[in-house]
Structures are given as structure tokens and as C-alpha cells.
Amino acid sequence: MPVIEISNLHKRYGETVAVSDVSFTVDSGEIFGILGPNGAGKTTTVELLSGLRRRDGGTVRVLGKDPDHDGAALRELVGVQLQESELPERIRVWEALELYSSFYRDPADWRELLDVLGLSARHNARFGTLSGGQKQRLSIALALVGNPRVAVLDELTTGLDPAARRETWALIESVRNRGVTVLLVTHFMDEAERLCDRIAVIDAGRTVAVDTPAALIAKVRAERGLDRATLEDAYLALTGHEIGV
Amino acid sequence: MTTAVARLTIVESKLFLRDTTSVVMGVAFPAVLLLLLGFAIPGFRDATDDLDGLRPIDIYVPIVLAMAICTTSVSVLPTYLATYRERGVLRRLATTPVGPVRLLGAQLAVNGVATLVAVGLAVAVGTVAFGVDLPRQAAGFLIALVLGTAAMFAVGLLIAAVAPRAKTATGVGMLVYFPMLFFAGVWTPGPVMPDGLRRISDFTPLGAASQAMQDSWSGTSPSALHLVVMVGYLLVAGALAARLFRWE
Ligand SMILES: Nc1ncnc2c1ncn2[C@@H]1O[C@H](COP(=O)(O)OP(=O)(O)OP(=O)(O)O)[C@@H](O)[C@H]1O
Ligand SMILES: [Mg+2]
């Protein structure tokens with residue numbers, strides 16, 4: 001059963017068309033990636049399916065519910081990590097986690113999350129004193145603290161050091177192994193290839209491909225008659241760039 | 001949900017207390033100002049015919065209370081809310097079952113309590129240090145205090161609603177702050193205020209609050225005009241703020 005179903009999604013900001021025609025479905029227990037250039041409409045898509053904005057066209061179902069109408073029910077079931085969203089400067093790490101866990105009926109153990117995300121040593125630090133990567137980890141923890149059935153993560157590893165990225169990947173896999181469906185937006189090809197079961201490539205507000213990383217790579221190889229190709233080659237070809245061999 | 005609201009309010013209180021500027025300016029300053037006026041300015045504790053036989057310090061207690069209301073409502077509150085919006089704190093809350101409205105509620109509660117504490121401290125300083133009488137019309141005074149605070153908080157919310165950035169909210173807050181204090185009589189207290197000025201002051205939220213508190217202090221009921229003006233600001237600014245407020 002699909003957990004997320006999006007078809008012909010459309011969203012404008014005044015004259016700007018942010019999302020023109022996006023369609024994809026995400027199955028239960030999948031790690032699904034969204035790739036695309038800056039300004040392609042990835043964040044807008046994520047905001048529309050999280051119920052943060054209302055769409056101008058198309059249909060969206062998350063766990064069978066329409067975020068524009070059943071937003072309240074979905075907020076209990078979907079954990080969201082937003083790109084560019086901070087916390088108050090003076091809040092302490094443990095306070096933020098304890099606070100956010102009180103928002104949900106059946107929260108996760110935030111102390112364990114603190115540990116898993118390597119924030120235990122900083123549990124009493126103020127948000128304003130955290131490094132960029134530590135802020136990012138706290139942000140991920142807040143998205144997971146409600147024990148969501150779907151986790152939506154917008155650029156979750158941007159700003160993390162390589163070791164922290166690997167740890168976050170392991171975390172995402174363990175989250176999925178607990179049955180959570182994960183939708184993530186990323187600019188990192190290695191991340192998408194390593195983590196994602198399937199990928200949607202969005203360009204200029206349209207889905208230009210939805211497939212497994214292996215199938216996307218195989219397709220570009222066949223089309224261009226290449227001996228070998230990477231996900232990056234496939235991505236560049238799909239978003240209208242020449243592939244330098 | 002009750003625990004969530006309680007936790008939100010506790011956390012917002014802690015954040016307020018960690019913010020030295022808010023605590024000093026919003027909570028302590030009115031009482032400190034009263035101490036400075038009373039002890040440092042010659043003649044402040046002497047009765048004078050200009051003030052119908054009262055001492056300047058007597059007249060200044062309700063004015064300092066108006067200042068307490070003004071600081072939290074148009075300086076602290078709008079800056080907090082606009083900062084939360086700018087940093088995406090409100091947006092993030094919008095993804096949780098609790099939502100951003102409750103954070104707004106927690107902020108109003110925290111600033112409301114801070115205002116009452118500031119008022120309590122200033123009244124305590126007035127009575128203990130200078131032997132200022134308590135308001136003769138206790139009920140009228142409480143009504144004026146609560147309505148005045150509510151009206152000014154509505155103005156503060158409106159500033160937070162229209163200011164696109166935190167810096168703008170602080171700037172607009174300051175632009176409103178000093179004229180409000182002026183019409184509340186900080187520089188021309190009580191009977192000293194010229195009639196023309198008083199006509200304008202009657203129609204400002206803090207001027208109405210200040211005069212209504214002054215009246216109830218000396219035993220007169222707050223005038224209908226002042227009550228209507230405060231309710232008017234509460235309703236109009238409140239409705240505008242609710243209409244114009246953006247979560248991002
Ligand atoms: N709040 C907004 N108001 C007006 N235009 C917006 C708004 N948010 C996004 N846009 C515009 O919509 C388009 C899509 O933006 P979006 O943030 O969805 O892109 P993105 O794929 O997430 O990009 P990035 O990789 O840079 O995060 C862009 O042209 C952007 O300028
Ligand atoms: Mg984005």
C-alpha cells in the first residue's frame with residue numbers, strides 16, 4: 001500500500017510556478033529520495049505534503065489522508081525536518097527534545113535519540129552554541145521524537161561532516177527498519193545511491209524520472225552508449241546537462 | 001495537550017528569564033526607576049500645590065506602571081514573536097500536533113505575568129519605600145490595569161504581525177514606545193499635562209490606561225472614555241493582528 005501518493009501536484013507563489021506537475025508514490029517502509037537542482041520545487045513539494053502549504057492543483061494523500069483537510073491527524077503521524085528552521089537561541093538541547101516529545105501521544109524516548117544522534121555530551125548546551133552539524137542532528141531528532149510513521153527530511157545531511165553523515169545514514173536505515181517510511185530530499189548522489197530504494201528527480205517543477213538508482217543508471221548507460229555511468233551522470237542527463245566523460 | 005501547553009509555557013518562561021535585557025527592562029526597571037526618582041531627584045518626596053497637595057512620587061507610581069505595560073507589550077513581545085517567525089520556529093511548530101498558535105499563547109502568558117510582576121514590584125517600592133497609598137478604587141484600578149495591558153498587547157501583536165523581520169519589529173516597537181510613554185505622561189505627569197496633550201492622550205491606549213490608573217488611584221472611577229478607548233484598541237488591533245499575522 002502506498003504511504004504517499006502525489007499526482008499532478010501544482011503550486012504557484014504569485015506569478016512564480018514553484019511546482020508545475022509533480023507525481024510519485026512512496027510505498028510503506030521505503031526510503032524515497034527527491035533529487036533536483038536548486039529551485040526545482042523540492043522543498044515546496046515537501047511542504048505541500050506536510051500540510052504546511054495548500055496546493056493549487058493535483059491530489060496528495062499521505063497515509064490515505066489529504067494534508068489540506070486532515071492536517072491535524074497527519075501532524076501526529078508525520079515527522080518533518082525542515083530546511084532552514086531553527087530553534088530559539090537560548091533553549092537547551094534536552095529542553096527542546098523534552099518539549100517536542102510532550103507534543104505527541106506516543107513519543108519516542110528522547111534520551112535514547114540524544115544518544116543515537118551523538119548529542120549526549122551536548123545535552124545541556126544552548127541551541128545558539130551548537131555547531132551547524134549539531135543543530136542539524138537536533139533537528140533530525142525533533143523530527144523523529146514523535147515516533148512518526150512517515151519521516152520527511154529536507155536536506156538532512158547538509159552541513160554534516162563525513163563521519164556524521166555516515167552515522168545519520170545508519171540512523172535513517174535503523175528508523176526504516178522500525179517500519180517508518182522515509183522521504184528525503186538531498187543533493188548528495190552518494191547518499192541517494194546508498195540510502196534510497198527509489199528516487200524522484202524533479203527539474204523545474206516537474207518529475208522527470210522516478211526509479212531505483214540502479215535503473216536510472218542503467219537507463220543513462222543504454223541511452224548514451226556508455227561503458228560505465230554513475231547516479232550523477234543519470235541525474236545530470238535527466239536535468240538537461242551534458243555528461244562530461 | 002495540556003502537558004504540551006504547560007511545557008511550552010515553562011520553556012518560554014525559562015527563555016524569558018535567561019534573557020537579561022527582558023528581565024532588567026521589562027520586570028525590574030519600573031521599580032528601579034521609581035527608586036531613582038524618589039531618592040535622587042530633589043523634591044520628589046515633598047508635597048506641592050502644583051500637584052494638588054500630592055508628592056511627585058505619588059503621581060509617578062501609575063505612570064511607571066504604564067511604562068511597565070509599554071515595555072513588555074511593544075518592546076519585548078513583538079521582538080520575540082518576529083524572531084521566532086524569522087528563525088522558522090513557528091513553521092517548525094506548524095508541523096507538530098501543537099501548532100504555532102499555542103506558542104503565541106505561551107508568549108502572551110509569559111509577558112503578561114512579567115508585566116504583573118513588574119507592576120507588583122513597582123507598587124511595593126512605592127508603598128514600602130515612599131509610603132505611597134494603594135489605589136483607593138481597587139476594582140477600577142485592576143480593570144484599568146488589565147484592560148490597558150490587553151490593549152497594549154494587542155498593539156504589540158499587531159507590530160509583530162506587520163513587521164517582516166525581527167529587526168523591523170524591534171524598530172517599529174521603539175517608534176511606538178516613546179510616543180506612548182510621552183502620552184502616558186512620563187514627561188508631563190498628571191495635572192502637569194497640558195490640556196491639548198491630554199486630549200490626544202485620552203485616545204492613545206497607554207494614555208487612557210495611565211489616566212484611568214491615575215484616576216482610580218486618587219479615588220475616582222476610570223472614565224467611560226478611557227475604558228472605551230482601551231477596549232477599542234484591544235478589539236481593533238487584536239482583530240487586525242489576527243488577520244495580518246503570518247507564520248513565516
Ligand atoms: N515562500 C515563497 N515565496 C515565493 N516564492 C517561493 C517561496 N518558496 C519558494 N519559492 C520559489 O519557488 C521555487 C521552488 O523553490 P523550492 O524551495 O521548492 O526549491 P528547492 O528545490 O527546495 O531548492 P533548493 O535545492 O535550493 O532547496 C523557487 O523558484 C523559489 O524561488
Ligand atoms: Mg529546498
Side-chain angles (χ1 to χ4, degrees), chain A residues 13 43 46-47 49-53 62 67 70-107 110 126-129 135 138-140 142-148 150-154, chain B residues 1-24 26 76-107 109-111 114 160 165-167 169-170 246-248:
Chain A
Y13 295 111
T43 294
V46 157
E47 289 173 341
L49 72 89
S50 312
L52 277 177
R53 299 181 190 283
V62 179
D70 271 332
L74 280 177
R75 282 189 272 282
E76 188 71 50
L77 304 169
V78 182
V80 184
Q81 184 240 318
L82 296 166
Q83 192 183 5
E84 287 166 13
S85 173
E86 304 223 19
L87 289 172
E89 199 76 16
R90 294 184 181 84
I91 198 166
R92 297 189 192 281
V93 169
W94 69 267
E95 285 171 343
L97 279 161
E98 190 189 54
L99 176 65
Y100 273 66
S101 74
S102 78
F103 294 171
Y104 299 90
R105 260 181 241 134
D106 174 31
W110 59 264
R126 293 182 179 196
F127 182 79
T129 68
K135 286 180 180 172
L138 178 56
S139 187
I140 297 169
L142 294 180
L144 297 177
V145 79
N147 252 335
V150 182
V152 177
L153 308 160
D154 196 353
Chain B
M1 204 45 80
T2 33
T3 51
V5 171
R7 284 227 180 283
L8 204 51
T9 313
I10 292 169
V11 168
E12 287 307 311
S13 314
K14 286 186 182 175
L15 296 179
F16 185 95
L17 291 173
R18 281 174 201 161
D19 180 354
T20 321
T21 320
S22 298
V23 174
V24 170
V76 180
L77 181 69
T79 303
Y80 262 82
L81 293 180
T83 304
Y84 283 176
R85 178 175 43 214
E86 186 170 317
R87 295 174 68 91
V89 175
L90 301 178
R91 239 161 65 87
R92 183 194 286 276
L93 273 177
T95 70
T96 74
V98 164
V101 178
R102 291 190 176 84
L103 178 61
L104 219 121
Q107 266 297 318
V110 168
N111 278 287
R165 310 191 67 82
K167 278 211 168 72
T170 309
R246 294 285 171 268
W247 300 110
E248 54 171 308

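Bear in mind that the values here come from a model prediction, so they are computed numbers and not experimental data.
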Under 4.5 Å from any heavy atom of chain B - which part of A:S139: both
Interatomic spacing from CZ in B:R92 to CG in A:L52 - rounded to 0.5 Å: 11.0 Å
Distance (rounded to the nearest 0.5 Å) between A:E47 CD and B:E248 CD: 6.5 Å
B:V98 side chain near A:Y100 side chain, heavy-atom distance below 4.5 Å: no
Solution key, residues 73-84 of chain A side-chain donor-acceptor pairs under 3.5 Å, sequence neighbours excluded:
from  : atom 1 : to     : atom 2 : distance (Å)
A:E76 : OE2    : A:R105 : N      : 2.9
A:Q83 : OE1    : A:T43  : OG1    : 2.6
A:Q83 : NE2    : A:E155 : OE2    : 3.3

Electrostatic pair A:E95:B:R18 at N-O distance under 4.0 angstrom: yes
Partners meeting side-chain hydrogen bond (donor to acceptor under 3.5 Å, both in side chains) with A:S50 (sequence neighbours left out): none
Taking every non-hydrogen atom, the tightest pair across B:A4 and A:L99: O-CD1, 4.5 Å
From CZ (A:F103) to CG (B:L8), nearest 0.5 Å: 5.0 Å
Contacting moiety of B:L93, where chain A heavy atoms sit under 4.5 Å: both
Interatomic distance, A:S102 atom OG to B:R7 atom CZ [nearest 0.5 angstrom]: 6.0 Å
Nearest heavy atoms of A:S85 and B:G88, plus distance in Å: OG-O, 2.9 Å
Nearest heavy-atom neighbours spanning B:V89 and A:E86: CG2-O, 3.3 Å
